[in-house]
Every structure is written in C-alpha cells, then in structure tokens.
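Everything numeric here is computed off the predicted structure, so don't read it as measured data.
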2 protein chains.
Amino acid sequence: MKKAAATRLHILQKAFELIYNQGYQTTSLDDILATTQVTKGAFYYHFKNKDEMGIAIIEEMLKPVITSGYIAPLEKEANPVELIYEMMQHLLLKNEFLKIELGCPAANFVQEMAPWHEQFSKVLSELTATWEKTIAESLEKGKRNGYIQKDVNSKQATIFILSGYWGIRNLGKLEKDTAIYKAYLKQLKHYLSSLSTAG
Amino acid sequence: MKKAAATRLHILQKAFELIYNQGYQTTSLDDILATTQVTKGAFYYHFKNKDEMGIAIIEEMLKPVITSGYIAPLEKEANPVELIYEMMQHLLLKNEFLKIELGCPAANFVQEMAPWHEQFSKVLSELTATWEKTIAESLEKGKRNGYIQKDVNSKQATIFILSGYWGIRNLGKLEKDTAIYKAYLKQLKHYLSSLSTAG
DNA sequence: AAAAAAACATACCAAGTGGTATGTTTTAAA
DNA sequence: TTTAAAACATACCACTTGGTATGTTTTTTT
C-alpha cells in the first residue's frame, strides 16, 4: 500500500475505534490527531472535514465488515432460521470487537446522526437496506426450500428481527451483562421457530 | 405553583423538547436559555450544572409520563397479549409528542449517555427496570389467568418485547415512515400470540 | 418595616471546537 | 536532475462551550 493511503486508512481505523468508544460528536479532531499521531495538515489533506471522515468510516469500515461478515453468510441455501440465529449469536456473543456497553456501531451512528445529517442518514439507510434485503431474501429462499412457512411475510419478519437486534444492543448498554443477550437469543429462537415449518 | 417552581418546570419542559429534537450533547445551554428566555443566573440557581438538569428531565419528565401512561395500564387483569400490544400501538402510532424521525426519548438518552455517564446510566436503568418488571408481572398474571402458556419465560419474553420496541424506534429514524411501525406491530402480534394459550 | 434569604440578571472567562493559511518535506514525473 | 505535484507540518483564529463571580431584584420571614 502506498504510504499516503496507509495514513488515510490509519486515521479511519483509529477514528472508528475512538468514535465507537466515545461517540461521534464527542470525539474531537484533536482526539483523533493525538491518537493517530497525524497532524492537522495531513488530516485535512485526506478529508474535507470531520463529517466527510465520518461518512468514509461508514462506507469503508462499517460497510465492508457488515457485508462480508454478516450479509454474505446469509446467502447460503441453508435453513434461514439457523443462518439468522447464528448471525445474531455471532454478533452478540462471539464478535470480539463489539462491546456490550458500547452497543452497535451502526446503531450508534443512526441514533446520533440520522435525524440531523442527511448524508449520514443516507449511507446508513443504504447499509440497513441491503441487510434487510438479504434477510428477506434468505427467508424467501427458505420458503422455496421448505424451511419457512409459505404464509410468512418476509419483509415484516425481517423488520421484526432487525429491530430486536438494534434494541437489544441498546438495552445491553444499560445492563452491561451478556445474560440479557442470551435471554434475547432464546426468544429469538422461539420466534424464528414460529416461522419455521419444523417449529 | 410558586413562581420559582414554575421557571424550573419551564426549563425542564423546554429543554426536554429541545433535547428530543436535537440530542442532549448538541443542545447547548445557550440554546436552552434562548428558548426559555431564562438567564444563566436563573438556570444555575435551579441546577448545579447541565448534567443535573439532564437527570432531572429523566426523573421528572420522562419517568412520570412513562409510569402513568405506559406502566400503569399494564397492571390491569386483562389479557397481557392485548395490553402489551395496545401499549406498543399507542406508543408507536398514537402518541402525538413522539416523532418517528426522532425516536424514543429514553432510548436516545441511553444511546447518547449511558456508556459514559454513570449517573445517567443509573436512572435510565431504574426506569427500564420498572418497565421490565411490570411487563414481566403482567405476563405472570396472564399465566395465572389462563391467557399465557405456563412454559413461557416471562423475563425472557419481556426482554425480547422491549428490545423490539427500542430497535424499531431506531429503525424508524432511518425510514421515517410509519409503515415500518405497522410491519413491526404485525409481527409483534404474531409473536405475542405464540405466547398465548389462544394463539 | 427591616432583614435575610431566595430568585434572578449581567458580565466575564478559560478551555476546547472545527477549520484555515501558509508553510515544508517527500514523492514521482519530465 | 530539475520540477511540479502530492503529502504532511505548524501556527493561528473565530466561535462556541459550560461554568463562575458578582451583582440586583423579588419574596419571605421576623
């Protein structure tokens, strides 16, 4: 990698961690410069302003991770009930970057920025939309493969599933104990099996 | 009401609205002073600092509304499936103060403050805990009254229900269309009826 | 009515904010 | 090897932030 691209990436990575740990608005530019050891001149060479960096973090850090780690696995032919459950279990209990007390980076961005920054809202919408679409398609595939009951409304079910995830991430911030995740997962399984032909 | 108490209340009300509309951290003291027409001296007479006001808003604005409007109605003897569904429907579709693009005030506070402010975390935990407790008790009562299946884990189900609500509030910020609420409610009904003896 | 406390008003400030202007150094093209 | 553009560095700035110091006015108590 070229050196310039490396510093840009370095900024994005460290800033992402900082923002996940302290929030976007409360992470100051000086914070970022201090932990990256990058000067202001270098920063503003790579980004027009702080918000452009924020968008870049979503596009270049969040999006790839979610796409490769959580969306792609759903595109298998396996039982969606199991695919979705495993996705959630991995997100909640096995992912080592995510911390219960800090919630979900994407949800944090939405909560903090969506109502007031059109651009943030847009890229976050796209990210959510592709996730939503993939889950819904997985359920549809499940119908064809005989895993899912034909009368299930895939889009509705997807919205319900995603909302549960985003919500439990927020509840986790209060409880700070993975027991709440486990309780959620149990009921998610219950719900999923109510969509299943087997359940 | 005494005049001093009135200005204090006035600050709390207007500040609450401002914060709901723009977020806690991004609502500046000067914002609050400008819209309340209260001077800095008066503000700092009533509150030690901005955070103390934030806590007061949760304790004296949020808590009463949630308690009287949403917790109390759950304490009836009726079918919890219907009580819970009606609570959600009211919160999502009928409450005129809450705006879809702005989410849930309590959830916003949690998202924005919980990880970093112990005190905020504490009062918000308490608020959530009483809500949780009431829903769980409603389900338990439902078991005794024959509405809810005996093998339902009330605490788990409560966590699942609450997480769905908090999550759909966040998803709503992106979609800005109550269609997503309606989709959520349909699946909530489906889930609730899976707990019911009738469903 | 005098005194004291409560309630409010004004002026000020240190620290931090994102951002710019103007450099210097490094890299790569000619 | 010169030259120009890319990449980075430093100093500065206007503005906003929450908060304080020090008043004045209004209420209440005696």
Side-chain angles (χ1 to χ4, degrees), chain A residues 1-58 60 108-109 112-113 115-120, chain B residues 1-58 60 108-109 112-113 115-121 123:
Chain A
M1 187 185 335
K2 294 214 180 108
K3 210 170 154 229
T7 59
R8 187 193 144 92
L9 188 65
H10 185 223
I11 293 173
L12 288 178
Q13 286 171 335
K14 289 289 179 187
F16 182 38
E17 278 180 50
L18 272 176
I19 289 167
Y20 181 47
N21 278 277
Q22 341 179 351
Y24 177 81
Q25 321 235 38
T26 41
T27 297
S28 73
L29 232 73
D30 287 344
D31 271 345
I32 296 169
L33 302 181
T35 63
T36 53
Q37 298 276 52
V38 161
T39 62
K40 214 161 227 183
F43 181 94
Y44 277 97
Y45 172 77
H46 288 288
F47 305 100
K48 209 180 102 228
N49 51 38
K50 192 190 171 189
D51 282 354
E52 196 187 85
M53 181 210 63
I55 301 285
I57 286 176
I58 297 171
E60 299 169 42
N108 292 356
F109 265 116
E112 206 176 344
M113 309 298 287
W116 309 290
H117 282 76
E118 187 59 38
Q119 231 184 328
F120 275 89
Chain B
M1 185 185 337
K2 289 202 183 125
K3 211 173 155 226
T7 59
R8 186 192 143 93
L9 189 64
H10 186 225
I11 294 173
L12 288 178
Q13 284 172 337
K14 288 289 180 188
F16 182 37
E17 277 182 49
L18 273 175
I19 289 166
Y20 181 48
N21 278 277
Q22 350 178 339
Y24 177 81
Q25 320 235 37
T26 41
T27 297
S28 72
L29 234 77
D30 287 344
D31 270 345
I32 296 168
L33 302 182
T35 64
T36 53
Q37 299 275 53
V38 161
T39 62
K40 213 161 229 182
F43 181 93
Y44 278 96
Y45 172 78
H46 287 288
F47 305 100
K48 210 182 99 228
N49 51 36
K50 191 190 171 188
D51 283 355
E52 196 187 86
M53 180 209 63
I55 301 285
I57 286 177
I58 298 171
E60 299 170 42
N108 291 357
F109 265 116
E112 206 176 343
M113 309 300 288
W116 307 291
H117 282 75
E118 186 59 37
Q119 231 184 329
F120 275 90
S121 188
V123 301

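The CD-P distance, from B:Gln37 to C:dT10, rounds to 11 Å in whole Å. Taking atom NZ of residue B:Lys40 and atom P of nucleotide D:dT24, one finds them 20 Å apart after rounding to whole Å. Summarising the geometry, the separation between NE2 on B:His46 and P on C:dA6 is reported as 13 Å, rounded to the nearest angstrom. In this entry the distance linking CG of B:Leu29 with P of D:dG18 reads 5 Å, nearest Å. Per the geometry, CD1 belonging to B:Ile19 stands 14 Å off C1' belonging to D:dG18, to the nearest Å. Per the geometry, CG belonging to A:Leu33 stands 14 Å off C1' belonging to D:dA11, to the nearest Å. Taking atom CD1 of residue B:Ile32 and atom P of nucleotide D:dT16, one finds them 17 Å apart after rounding to whole Å. In this structure, A:Tyr44 atom OH and C:dT17 atom C1' are separated by 9 Å, rounded to whole Å.
Note that B:Lys50 lies in the cation-pi zone of B:Tyr24, set by a 6.0 Å cut-off to the ring centre and a 45° limit from the axis.
Each of A:Asp31 and A:Gly41 was matched to the nucleotide of DNA chain C holding its nearest heavy atom; the match closer to the 5' end belongs to A:Asp31.
Using a 4.0 Å heavy-atom criterion, one finds that A:Thr26 contacts no nucleic acid atom at all. Counting non-hydrogen atoms under 4.0 angstrom, A:Phe43 reaches nothing in the nucleic acid.
Remark: A:Ala56 pairs with A:Arg8, A:Leu12, A:Phe47, A:Glu60 by the side-chain contact (heavy atoms from CB on, under 4.5 Å) rule, at least two apart or across chains.
Between atom NE2 of residue A:His10 and atom CD of residue A:Gln37 there is a gap of 8.5 Å, rounded to the nearest 0.5 Å.
The shortest distance between the side-chain N/O atoms of B:Ser28 and the OP1/OP2 oxygens of D:dT17 is below 4.0 Å.
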### Task
Go through the steps to decide whether A:Gln119 and A:Glu52 satisfy the test side-chain contact (heavy atoms from CB on, under 4.5 Å), and finish with yes or no.
CA-CA 9 Å; A:Gln119 231 184 328; A:Glu52 196 187 85; over 6 Å; no

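Of the candidates C:dT17, C:dG19, D:dT17, the closest approach to any side-chain atom of A:Lys50 belongs to C:dG19.
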